Amino acid sequence: MDLNLTGRRVLITGASKGIGAAAAEAFAAEGCHLVLVARGAAALAELAGQLSRAHNVEAVAHAVDLRDSAAIARLVDEVGDVDVLVNNAGDIPGGPLSAIDEATWRHAWDLKVFGFINLTRLYYARMKARGRGVIINDIGAAGERFDAAYITGAAGNAALMTFTRALGSRSLDDGVRVVGINPGPVATDRILALTRTRARAQFGDESRYGELMARYPLGRPAHPREIADLMLFLASDRSAYTTGVVFTVDGGLSARS
C-alpha cells in the first residue's frame, strides 16, 4: 500500500529511543523529512545522522526539555511548520499513590501531559492556518485499565485520551486530524523498569519480572515497530476521515475482564 507520505515533514518527540526511535525509522523509510526532539543530544544526533544517510531524507535533531513551555515555544519558532506532529515523550514513574509525592507527580505530568498539550496548542494553530495537518498522541493503555500501582500514569493517560478525543471531535473542520494510540506493554527500556517495579510490589523481588512478561499476549510485549506502523497509516491520506479517536494496541489486554 502506497501511503503517499514522501516529502512530508514529521516532528517526533521522545525520538531518541523506544517507540519514538521506531517511529523515526518508519517515517524515514517512507521518505519523510524528520525533526527529532528529545533531551539526550548525543543519541538524538546519532539517530538523525543514521536515518539521513540510510534513507536520503533530511533529519535534524533538537535537544529540548519539553517540560519548559518557553523552550517549546522556541522550538516551534525555530522549526516552523510540519505536516505531522507525533507527541511521544514521557517518563511517568510506576508506584501507588502513597509512593508518589506531589513534586514527582508534577514533574511527570509536566512532560507527558502538559508537554503534549503545550506543543499541540502551538502546532494546532499553525496547522489550522494552513488548513491541513495531523497530530498523533502516543498515550498508553494504562489510561483504560486504572492500575492503582501506576496511578500517576493511569490518570495522566486518561486525561490525554480525553484531550485527544475532545480536540479531534471538531478538528476536521479546520483541516486537522487529531488521533491517539494507546500502546500496552512494548519492548522498551521503560517497560522493563515498570515491570521490575510491579514485580517488586507483587512478589517482593524485582528479579521475577520475567514471570509478568510471560503473561502478556503471545508471551511477549509488542515490538516498537508495531506501534510505529500504525502511526504511518494514521498520518497518511488513507486515514483522511479518522479523527477524535484513540486506538488501543495491547494484544487485547484492555478488553479482558
Side-chain angles (χ1 to χ4, degrees), residues 1 3-5 8-15 19-20 22-23 26-27 30 32 35 37 66 69 72 76 81-90 92 109 111-147 153-184 186 222 224 226-255:
M1 180 184 293
L3 295 176
N4 195 32
L5 289 170
R8 299 196 187 183
R9 200 160 183 243
V10 183
L11 189 156
I12 303 169
T13 70
I19 294 173
F27 278 104
E30 291 292 321
C32 297
V35 179
V37 179
L66 295 171
S69 57
I72 289 176
V76 174
D81 292 336
V82 298
D83 299 295
V84 182
L85 167 63
V86 179
N87 284 310
N88 170 72
I92 298 181
W109 277 32
L111 178 60
K112 179 65 182 283
V113 179
F114 291 106
F116 278 42
I117 292 169
N118 290 336
L119 193 54
T120 295
R121 179 185 292 109
L122 296 177
Y123 266 116
Y124 189 96
R126 283 178 169 268
M127 290 175 177
K128 179 179 177 179
R130 298 172 70 203
R132 67 182 188 276
V134 181
I135 297 171
I136 301 172
N137 292 326
D138 183 26
I139 304 170
E144 300 177 70
R145 301 195 72 199
F146 316 124
D147 185 354
N157 289 355
L160 288 172
M161 289 166 59
T162 299
F163 173 72
T164 299
R165 289 178 172 133
L167 185 61
S169 69
R170 300 290 183 122
S171 66
L172 206 53
D173 296 343
D174 298 322
V176 181
R177 296 192 295 107
V178 182
V179 296
I181 299 176
N182 276 350
V186 181
E226 290 172 320
I227 309 303
D229 284 342
L230 178 56
M231 290 180 180
L232 293 181
F233 177 73
L234 292 174
S236 77
D237 293 341
R238 297 278 185 168
S239 189
Y241 206 65
T242 304
T243 188
V245 293
V246 179
F247 294 89
T248 299
V249 186
D250 69 352
L253 286 172
S254 297

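Here the structure is a predicted model, which is why all the values come from computation and not from measurement.
- Within the 4.5 Å cutoff, the side chain of L234 has no heavy atoms near those of the V134 side chain.
- Checked against side chain to side chain donor-acceptor pair (under 3.5 Å), R8 has the following partners two or more places apart in sequence or in another chain: D237.
- Within the 3.5 Å criterion, the main-chain N or O of G14 finds a donor-acceptor partner in the side chain of N88.
- In this structure, V10 and V86 have side chains that are in contact, with non-hydrogen atoms separated by less than 4.5 Å.
- In terms of modelled atom types and a separation under 3.5 Å, the side chain of K128 and the main chain of D173 share no donor-acceptor contact.
- Listed by chain and residue number, R198 satisfy the salt bridge (Lys or Arg N to Asp or Glu O under 4.0 Å) test with D147 (two or more places apart in sequence, or in another chain).
- Looking only at side-chain heavy atoms (C-beta outward), Y123 and N87 stay at 4.5 Å or farther from each other.
- Evaluation of the salt bridge (Lys or Arg N to Asp or Glu O under 4.0 Å) rule for R170 yields no partner, not counting sequence neighbours.
- When atom types are taken as modelled, the side chain of S239 and the backbone of S236 share no donor-acceptor pair closer than 3.5 angstrom.
- Looking at T243 and S171, their side chains do bring a donor and an acceptor atom within 3.5 Å of each other.
- Partners of A235 according to the side chain to side chain contact (heavy atoms under 4.5 Å, CB included) rule, which considers only residues two or more places apart in sequence or in another chain, are L5, F27, V84, I136.
- Test R9, R126, R132 against D81 for salt bridge (charged side-chain N to carboxylate O under 4.0 Å, His left out) and you get one pass: R126.
- The shortest distance between side-chain heavy atoms of I181 and M231 falls below 4.5 Å.
- Distance check, rounded to the nearest 0.5 Å: CG of L11 to CG of D83 gives 11.0 Å.
- By the side chain to side chain donor-acceptor pair (under 3.5 Å) test, N4 pairs with no residue at all, sequence neighbours left out.
- With sequence neighbours left out, A228 forms a side chain to side chain contact (heavy atoms under 4.5 Å, CB included) with A22, A23, A26, R225.
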